[in-house]
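Report on one structure; see the data block that follows.
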Amino acid sequence: MSRFALLLLPFACAAQAHLGAHVHGVVNLGVAVQGATVTIQLDSPLDNLLGFEHRPRTPAQRQAAHALLRRLQAAQDLFRFDTAAQCSVTHSEIESAVLDESKTAASSAEPGSDESQHADLDANFEFMCRQPGRLTSIDIGLFDAFKRIHRIEISVATDQGQFKRELPRPQHTLSLHP
């Protein structure tokens, strides 16, 4: 976790308490802007992004899981900043126990494994902006990329303050001013 992401910790705890453990159709984002760095944390039920929450079992499900990971690795397509701010991705990290290929299928069949639980995906993205003073908004492409998402709940921390926003489908622009 980056040091900038630590700014989002209070928001993440409040979001979990507010939403409960797992809400289909809802994605939680934490956005921290500090200087030239923008950190975005994404937390979503896997169903929102993939359409299922178990370890991929069929070739079609494995292909869908690989496509999801490729789409998330192209963070610049999911989060578009003001062009004048000249922001680019510097780091991304995607975590989901269900999509972790290093775990064996045998372990997923054990009681209490990911096969019997709701599964989530967590991702962290870091962007560097050459002209951070020109950054005023983020165009969030999650609704276009993932049809099962109905609402995005966002916690924002900037040098100007902290605030929350909710984007219902089809809204996609997050203003970075409280």
Side-chain angles (χ1 to χ4, degrees), residues 1-51 53 68 71-96 118-178:
M1 181 184 304
S2 76
R3 59 190 161 106
F4 303 112
L6 292 175
L7 292 171
L8 298 173
L9 212 45
F11 282 126
C13 294
Q16 280 290 45
H18 172 71
L19 287 176
H22 186 90
V23 179
H24 288 201
V26 178
V27 169
N28 291 298
L29 287 183
V31 177
V33 181
Q34 187 171 33
T37 303
V38 178
T39 303
I40 299 176
Q41 293 179 323
L42 179 147
D43 178 28
S44 176
L46 198 54
D47 181 73
N48 293 343
L49 309 172
L50 197 52
E53 295 186 327
L68 168 63
R71 179 171 266 168
L72 290 172
Q73 289 167 347
Q76 69 281 356
D77 296 335
L78 298 173
F79 305 103
R80 296 175 296 275
F81 300 87
D82 300 298
T83 305
Q86 301 175 20
C87 301
S88 58
V89 179
T90 57
H91 177 77
S92 65
E93 181 179 347
I94 302 160
E95 296 179 20
S96 175
H118 292 287
D120 291 329
L121 181 135
D122 298 308
N124 296 302
F125 308 100
E126 190 170 282
F127 299 83
M128 188 63 63
C129 301
R130 288 189 198 149
Q131 299 292 323
R134 295 185 172 190
L135 180 60
T136 61
S137 65
I138 302 172
D139 184 61
I140 300 173
L142 295 174
F143 289 133
D144 293 334
F146 306 106
K147 302 302 182 200
R148 298 174 75 89
I149 298 173
H150 301 292
R151 185 174 76 233
I152 303 170
E153 296 192 355
I154 309 168
S155 300
V156 181
T158 70
D159 294 335
Q160 289 103 27
Q162 298 179 349
F163 56 94
K164 292 185 178 205
R165 293 285 186 268
E166 183 176 295
L167 294 180
R169 182 179 283 278
Q171 293 179 10
H172 54 85
T173 303
L174 170 66
S175 171
L176 293 174
H177 299 289

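All heavy atoms count here, side chains included; hydrogens, waters and symmetry mates do not.
Side chain of Arg130 to main chain of Ala85: no donor-acceptor pair is present (N/O by atom type, distance under 3.5 Å, no hydrogens or angles). Proximity of a side-chain donor or acceptor of Asn48 to a complementary backbone N or O of Gly25 within less than 3.5 Å is detected. Within the 3.5 Å criterion, the main-chain N or O of Asp120 finds a donor-acceptor partner in the side chain of Ser96. Between the side chain of Asp43 and the main chain of Val27, no donor-acceptor pair closer than 3.5 Å is present. Of the possible polar contacts, one joining the Thr90 side chain to the Glu126 backbone as a donor-acceptor pair under 3.5 Å is found.
Separating the OG1 atom in Thr39 from the CZ atom in Phe127 is a distance of 9.5 Å, to the nearest 0.5 Å. A distance of 9.0 Å separates CG in Leu121 from CD in Glu95, rounded to the nearest 0.5 Å. Atom CG of Leu167 is separated from atom OG1 of Thr173 by 8.0 Å, given to the nearest 0.5 angstrom. We find the CZ-CD1 distance between Phe146 and Ile152 to be 10.5 Å, quoted to the nearest 0.5 Å. For the atom pair CG (Leu72) and CD1 (Ile94), the distance works out to 4.5 Å, reported to the nearest 0.5 Å. Between atom CG of residue Asp159 and atom CD of residue Gln34 there is a gap of 6.0 Å, rounded to the nearest 0.5 Å.
Nearest heavy-atom pair, Phe125 versus Leu42, reported as atom, atom and distance to 0.1 Å: CE1-CB, 4.3 Å. When all heavy atoms of Arg71 and Ala145 are compared, the pair lying nearest together is NH1-O, 2.7 Å. Residues Val31 and Val38 share a closest heavy-atom pair of CG1-CG1, 4.3 Å. Pro132 and Gly35 make their closest contact through CB-O, 3.4 Å (heavy atoms, listed as atom of the first residue, atom of the second, distance). Nearest heavy-atom pair across Ala84 and Gln131 is O-CB, 3.3 Å. In plain terms, the two heavy atoms of Leu135 and Cys129 that are nearest each other are CD2-SG, 4.1 Å.
No more than 12 heavy atoms of other residues, nucleotides or ligands sit less than 6.0 Å from atom CZ of Arg134.
No side-chain heavy atom of Leu176 sits less than 4.5 Å from a side-chain heavy atom of Thr136. In this structure, Val156 and Gln162 have side chains that are not in contact, with every pair of non-hydrogen atoms separated by 4.5 Å or more. Within the 4.5 Å cutoff, side-chain heavy atoms of Gln160 are placed close to those of His177. With contacts defined as side-chain heavy-atom distances shorter than 4.5 Å, the pair Ile154/Ile140 qualifies.
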* To do: Give the intermediate values and the outcome of side chain to side chain contact (heavy atoms under 4.5 Å, CB included) for residues Gln41 and Asp122.
  => CA-CA 7 Å; Gln41 293 179 323; Asp122 298 308; over 6 Å; no

* To do: Take Leu68 and Leu46, measure what side chain to side chain contact (heavy atoms under 4.5 Å, CB included) needs, and give me the verdict at the end.
  => CA-CA 10 Å; Leu68 168 63; Leu46 198 54; 4.0 Å; yes

* **Glu53 and His24: CA distance, side-chain angles, deciding distance, side chain to side chain contact (heavy atoms under 4.5 Å, CB included) verdict** => CA-CA 11 Å; Glu53 295 186 327; His24 288 201; 3.1 Å; yes

* Asked: So Asn124 and Ile40, side chain to side chain contact (heavy atoms under 4.5 Å, CB included) or not? Walk me through it.
  -> CA-CA 6 Å; Asn124 296 302; Ile40 299 176; over 6 Å; no

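In this structure, a donor-acceptor pair under 3.5 Å is absent between the side chains of Ser44 and Asn28.
Classification of Glu166 and Lys164 as a salt-bridged pair fails, no side-chain N sitting under 4.0 Å from a carboxylate O.
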Residues 73-81 side chain polar contacts: donor-acceptor under 3.5 Å, at least two apart:
unit_1: Arg80; atom_1: NE; unit_2: Asp139; atom_2: OD2; d: 3.1
unit_1: Arg80; atom_1: NH1; unit_2: Asp77; atom_2: O; d: 2.4
unit_1: Arg80; atom_1: NH2; unit_2: Asp139; atom_2: OD2; d: 2.5

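For the pair Arg148 and Phe143, the cation-pi criterion (under 6.0 Å, within 45° of the ring axis) is not fulfilled.
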